[in-house]
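Step one of this worksheet: look at the structure below.
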Amino acid sequence: MENYEGAYLQRHQDTKVLHEADRATAAMHFGGCAVECLLKAMILAQIPNPDQRQWHTDEAPQPHGIKRPGHDLQEALKQCQKLYDRAKKTPQVIRWFNAVNKPSQHFIDLRYSDTEPDPEESKSWWDAYTQLCRWLEKQKTSL
């Protein structure tokens with residue numbers, strides 16, 4: 001079974017290392033992956049019964065009906081209603097989500113990019129990413 005929390009911690013560290021090495025495109029890709037993992041961990045954590053903390057599929061239906069979100073961060077956010085409601089109350093949080101989800105193109109598609117963003121774009125993304133991670137980690141303790 002996937003360990004989304006552990007994967008988040010590893011991808012978050014990878015993102016920091018890549019950012020510090022001025023590998024912005026790779027940092028943006030891994031940063032999106034990190035946030036995706038954290039969101040998936042938070043979605044599954046909202047399921048009260050630990051034995052049911054797996055995705056609902058046709059092959060393995062779950063009473064909660066929560067299907068694995070794709071790679072879109074906003075769609076994943078919407079699967080955790082309390083978190084989504086909190087995010088909607090703070091426009092800056094939605095801007096952070098948008099910046100991390102699609103810095104120049106969707107974060108998943110950056111794995112195929114051979115260009116680096118300009119330093120200002122990289123700095124802006126990094127600020128959004130770090131703020132979003134801080135906000136999500138804070139929310140995680142109070143959901």
**Study point:** Within-4.5 Å side-chain heavy-atom neighbours: Q46 and L143
**Key:** no
Review point. Quick one: salt bridge (charged side-chain N to carboxylate O under 4.0 Å, His left out) partners of D85, sequence neighbours excluded?
Key: K88
Study note, to complete from the structure: Residues passing the side chain to side chain contact (heavy atoms under 4.5 Å, CB included) test with T57, sequence neighbours excluded, are E59, A60
Review point. Taking C-beta and beyond as the side chain, do K123 and D127 meet within less than 4.5 Å on heavy atoms?
Key: yes
Check your understanding: Is the closest side-chain heavy-atom distance between Q54 and L44 below 4.5 Å?
Key -> no
Review point. Looking at residues at least two apart in the chain, or sitting in another chain, which of them share a salt bridge (charged side-chain N to carboxylate O under 4.0 Å, His left out) with K16?
Key: none
Point to revise | With E75 via salt bridge (charged side-chain N to carboxylate O under 4.0 Å, His left out) - residues at least two apart | key: K78
**Study point:** Residues which pass side chain to side chain donor-acceptor pair (under 3.5 Å) with E137, listed by chain and number, not counting sequence neighbours
**Key:** Y8
Point to revise | Q10 CD to C37 SG distance, which is reported to the nearest 0.5 Å | key: 10.5 Å
Review point. Quick one: CG on L132 to CG on L39, what's the gap to the nearest 0.5 Å?
Key: 7.5 Å
Review point. Do the non-hydrogen side-chain atoms of N98 and I94 ever get within less than 4.5 Å of each other?
Key: yes
Check your understanding: With a 4.5 Å limit on heavy-atom distance, are the side chains of L83 and K140 in contact?
Key -> no
Check your understanding: Taking only residues two or more places apart in sequence or in another chain, which ones pass side chain to side chain contact (heavy atoms under 4.5 Å, CB included) with S142?
Key -> R86, Q139
**Study point:** Sequence-distant partners of W126, ring-ring contact (aromatic ring centres under 6.0 Å, His included), two or more places apart
**Key:** H19, Y129
Review point. Given side chains that start at C-beta, do those of T15 and H29 come closer than 4.5 Å, heavy atoms only?
Key: no
Check your understanding: Quick one: are P69 and I43 in side-chain contact, heavy atoms under 4.5 Å?
Key -> yes
Review point. With sequence neighbours excluded, what pairs up with D14 under the side chain to side chain contact (heavy atoms under 4.5 Å, CB included) test?
Key: R11, F30
Review point. Passes side chain to side chain contact (heavy atoms under 4.5 Å, CB included), L73 versus F107? Steps please.
Key: CA-CA 10 Å; L73 302 181; F107 75 88; 3.8 Å; yes
Practice item. Name all pairs fulfilling the side chain to side chain donor-acceptor pair (under 3.5 Å) condition that reach into residues 60-70, sequence neighbours left out, sorted by first residue then second. Key: E2-R68, Y4-R68
Check your understanding: side chain to side chain donor-acceptor pair (under 3.5 Å) with Q92: which residues, sequence neighbours excluded?
Key -> R95
**Study point:** Closest non-hydrogen atom pair between P63 and Q52, with its separation
**Key:** CG-NE2, 3.2 Å
Exercise for review: Could you pull out the closest heavy-atom pair between T25 and S113, with the gap in Å?
Suggested key: CG2-CB, 4.0 Å
Exercise for review: Would you give the length of the straight line joining atom CG of D109 to atom CZ of R111, rounded to the nearest 0.5 angstrom?
Suggested key: 6.5 Å
Exercise for review: Locate the shortest heavy-atom distance separating P103 from L110; write the atom from each residue and the value.
Suggested key: CG-CD1, 3.7 Å
Practice item. Mind running side chain to side chain contact (heavy atoms under 4.5 Å, CB included) on I108 and E36 for me, showing each step along the way? Key: CA-CA 10 Å; I108 288 294; E36 177 186 345; 4.3 Å; yes
Revision key, fill the gap. Salt bridge (charged side-chain N to carboxylate O under 4.0 Å, His left out) filter on E121, not counting sequence neighbours, yields none
Point to revise | Side-chain touch M28/S104, heavy atoms, less than 4.5 angstrom | key: no
**Study point:** Nearest atoms (heavy-atom pairs only) where E5 meets L38
**Key:** OE1-CD1, 4.1 Å
Practice item. Grab the two heavy atoms, one from L136 and one from M42, that are nearest each other, plus how far apart they are. Key: O-CE, 3.6 Å
Practice item. Check whether V17 and W125 end up in the same hydrophobic cluster, where Ile, Leu, Val, Met, Phe, Trp and Tyr are linked by side-chain heavy atoms less than 4.5 Å apart. Key: no
Review point. What are the two closest non-hydrogen atoms of V100 and G32, and how far apart are they?
Key: CG1-CA, 3.9 Å
**Study point:** Residue pairs involving residues 79-100 (criterion ring pair (Phe, Tyr, Trp, His ring centres under 6.0 Å); sequence neighbours excluded)
**Key:** none
